[in-house]
Trainee: 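Could you have a look at this structure, given as structure tokens, before my questions?
Labels below follow one simple rule: chain letters A, B, ... track the order of the sequence lines, proteins then strands, and each chain is numbered from 1.
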2 protein chains.
Amino acid sequence: MEEKFTQKEEHILKVALDVFLEKGLHGTKMQEIADRAGVNKAMLHYYFRSKERLYAMIFEKLFLKFMNAMADSFRPEQNFAATLRHFVGTFIDSMRENPRLPLFVARELSWGGATVQKIMHDLVEQKAVKSPQIMIDELRKAERRGEIRAGFSPIQFIFTLIGACVYPFVARPIAEALFPDLLDDWDTLIEQRKEAVFDLLYNGLKK
Amino acid sequence: MEEKFTQKEEHILKVALDVFLEKGLHGTKMQEIADRAGVNKAMLHYYFRSKERLYAMIFEKLFLKFMNAMADSFRPEQNFAATLRHFVGTFIDSMRENPRLPLFVARELSWGGATVQKIMHDLVEQKAVKSPQIMIDELRKAERRGEIRAGFSPIQFIFTLIGACVYPFVARPIAEALFPDLLDDWDTLIEQRKEAVFDLLYNGLKK
DNA sequence: GTCTATATCTCGATAGAC
DNA sequence: GTCTATCGAGATATAGAC
């Protein structure tokens, strides 16, 4: 897995990541990557052969980054409340550091480019992405321990949980157009969001 | 507001809407619209002058469709529980009929194209989009009536609510890669989602 | 209004000098 | 390894015959 890149290659990759993250495959021009990286456009092809190959590397990186942000935020604590609180706090922090990440992943997967779908499926198959199955298991355990009420669907809960953490970053442009005054302090809104999401969802599950 | 189009123009617009919805501005080719609509490529320019202008019309249509799906799903009922249940059911149905809509809006707004941002802001300014302010008001009323607990942020709740309804449609490709077996019956999952979302969020707000 | 042919432009990719 | 110049594909847009 250890790919050895020169310092210059690393630098180009970093820049390419930013541009692809912002504009996606079709929106990104090789010229812009070259300009922003301060190198000649021909060098991009010298180093990475084609736009497709460069993009494939970047997509894999970013997809893993998103999935790992999710998996790494999950850590069983003394009780379910603590586990949930820790997850929400850590995952939202992670999204705040990479606000474009969830939309990038969704966008690139959506028009189902064969390349992109294949990369994702390969990563899942070779277990490079940690499965959210442990989250389901933990929910079931908490249910058996009587910490939360029974008879709900873990998969539905996880959809709601991830959606709650991620959606503000996706919907930010609309929200800011609708509530220009309310959202002038975005950082505070996101910080408060941790407790708001935990509070609502935990109460929703409690007996 | 009443723009008069011939039947043929309407037909082209309908086809263009489908293509843009699926592939976005950069992914869409005029040739594909022409082919799918069964007209000559030159006619597209004859009728709509440029791709930019055609796209601008479509984006406006789709943005309004999304915002109105949200606004129209909201209808005050006898009590807050009924209002919430109705909203979730109607809004999810609406997304089910237009599964690509939320991602389209988010995607196109994200790379901040000046055109697109301007259209959105103009629509908001001239009040062509109904404000979710009434949802906030209704939450406050229910709080005063004692139907739900006090001391939570309506705006945070709305983020969670919309995210919960919309996110499955955005994350579907990932979810299907992770849980190929669980999601073979997507329709059932979505149908059950209505009650799952209502149940979790209503319990989360109850005293 | 419609269609063919073509102009024009953008972009990914490469050849070839250094 | 690096840069300039350019090729060639593919896309938007238009000219002009009918």
Side-chain angles (χ1 to χ4, degrees), chain A residues 3-62 107-108 111-116 118-119, chain B residues 3-61 104 107-108 111-116 118-119:
Chain A
E3 309 202 51
K4 24 191 180 302
F5 289 117
T6 69
Q7 215 173 347
K8 176 171 277 189
E9 285 167 328
E10 288 287 4
H11 175 240
I12 295 174
L13 281 172
K14 172 83 183 66
V15 170
L17 187 141
D18 286 341
V19 183
F20 277 126
L21 187 56
E22 190 178 335
K23 311 199 172 182
L25 173 57
H26 290 306
T28 296
K29 311 300 164 195
M30 293 297 265
Q31 188 63 61
E32 181 170 358
I33 298 177
D35 290 346
R36 282 217 235 170
V39 302
N40 192 284
K41 190 176 57 146
M43 297 310 291
L44 261 51
H45 289 91
Y46 175 75
Y47 284 125
F48 302 103
R49 186 127 197 111
S50 74
K51 183 183 178 181
E52 279 287 319
R53 281 172 57 87
L54 182 55
Y55 172 75
M57 287 179 176
I58 300 292
F59 175 81
E60 182 174 321
K61 243 195 224 291
L62 289 174
R107 178 220 293 152
E108 301 302 301
W111 42 270
T115 320
V116 157
K118 188 176 178 331
I119 294 175
Chain B
E3 308 201 51
K4 25 192 180 302
F5 289 118
T6 69
Q7 215 173 347
K8 177 172 276 188
E9 284 168 327
E10 287 289 3
H11 176 240
I12 296 174
L13 280 171
K14 172 84 183 64
V15 171
L17 187 141
D18 287 341
V19 184
F20 278 124
L21 187 56
E22 192 178 334
K23 312 199 172 181
L25 172 58
H26 292 304
T28 295
K29 311 301 164 194
M30 293 296 265
Q31 187 63 61
E32 181 171 357
I33 298 177
D35 290 347
R36 283 217 234 171
V39 303
N40 191 283
K41 193 176 52 151
M43 298 310 291
L44 262 51
H45 290 92
Y46 174 75
Y47 285 125
F48 302 103
R49 185 123 197 114
S50 75
K51 182 183 177 181
E52 280 287 320
R53 280 172 58 88
L54 182 55
Y55 172 77
M57 287 178 178
I58 301 293
F59 175 81
E60 181 174 321
K61 245 194 221 294
F104 171 85
R107 178 221 294 153
E108 300 302 302
W111 44 269
T115 321
V116 157
K118 188 177 178 328
I119 294 174

Trainee: Other residues, nucleotides and ligands only: do more than 12 of their heavy atoms fall within 6.0 Å of NZ on A:K61?
Mentor: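 At most 12 heavy atoms, drawn from other residues, nucleotides or ligands, come within 6.0 Å of this atom.
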Trainee: Whole angstrom is fine here: how far is it from NE2 in B:H11 over to P in C:dT2?
Mentor: 13 Å
Trainee: Does a nitrogen or oxygen in the side chain of A:K8 sit under 4.0 Å from OP1 or OP2 of D:dG1?
Mentor: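 Indeed not, no polar side-chain atom of A:K8 lies that close.
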Trainee: Is the side chain of B:E32 donor-acceptor paired with the backbone N or O of B:K29 at a distance under 3.5 Å, no angle test?
Mentor: no
Trainee: Which heavy atom of A:K51 sits nearest a heavy atom of A:T28, and at what distance?
Mentor: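 Answer, listing the atom of A:K51 first, then A:T28: NZ-O, 2.7 Å.
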Trainee: So which heavy atom on B:Q31 is nearest to which on B:K41, and how close?
Mentor: OE1-CD, 3.2 Å
Trainee: Tell me the interatomic distance from B:D35, atom CG, to D:dG10, atom P, rounded to whole angstroms.
Mentor: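 Rounding to the nearest Å, CG of B:D35 and P of D:dG10 are 15 Å apart.
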Trainee: CD of A:E32 versus C1' of C:dG12: gap in Å, rounded?
Mentor: 15 Å
Trainee: Side chain of B:H45: nearest nucleotide among C:dG12, C:dG1, D:dT12?
Mentor: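 That would be D:dT12.
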Trainee: Once you round it to whole Å, what is the distance between C1' of C:dG12 and NZ of A:K51?
Mentor: 8 Å
Trainee: Take atom OH of B:Y55 and atom P of D:dT12, then tell me their distance rounded to the nearest Å.
Mentor: 14 Å
Trainee: Quick one: which protein N/O atoms are closer than 3.5 Å to N/O atoms of nucleotides 3-7 of chain C? Pair and distance per line, please.
Mentor:
residue	atom	partner	partner atom	Å
C:dT4	OP2	B:N40	ND2	3.4

Trainee: Using a heavy-atom distance cut-off of less than 4.0 Å, which residues of residues 21-28 of chain A contact DNA chain D?
Mentor: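 Nothing qualifies; none.
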Trainee: Restricting to non-hydrogen atoms, name the atom on B:A34 and the atom on B:N40 that form the minimum distance, rounded to 0.1 Å.
Mentor: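 Minimum heavy-atom contact is CB-C, 4.1 Å.
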Trainee: With the side chain counted from C-beta on, respond yes when B:V39 and B:V15 share a heavy-atom pair under 4.5 Å apart, and no when they do not.
Mentor: no
Trainee: Hey, do the aromatic rings of A:F20 and A:F59 have their centres closer than 6.0 Å?
Mentor: no
Trainee: Rounded to whole angstroms, how far apart are CZ on A:R53 and P on C:dA13?
Mentor: 11 Å
Trainee: Using atom CZ of A:R49 as one end and atom P of C:dA15 as the other, report the distance to the nearest whole Å.
Mentor: 10 Å
Trainee: Assign the ring pair A:F5 / A:F48 to parallel, tilted or perpendicular, where the plane angle (0 to 90°) is split at 30° and 60°.
Mentor: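 Answer is tilted, since the angle falls between 30° and 60°.
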Trainee: Tell me the interatomic distance from B:L44, atom CG, to C:dG1, atom P, rounded to whole angstroms.
Mentor: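 After rounding, the gap between these two atoms is 15 Å.
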Trainee: To the side chain of A:Y47, which of D:dG1, C:dG1, D:dA13 is closest?
Mentor: D:dG1
Trainee: List the atom of B:R107, the atom of B:L21, and the distance in Å for their closest heavy-atom pair.
Mentor: NH2-O, 3.6 Å
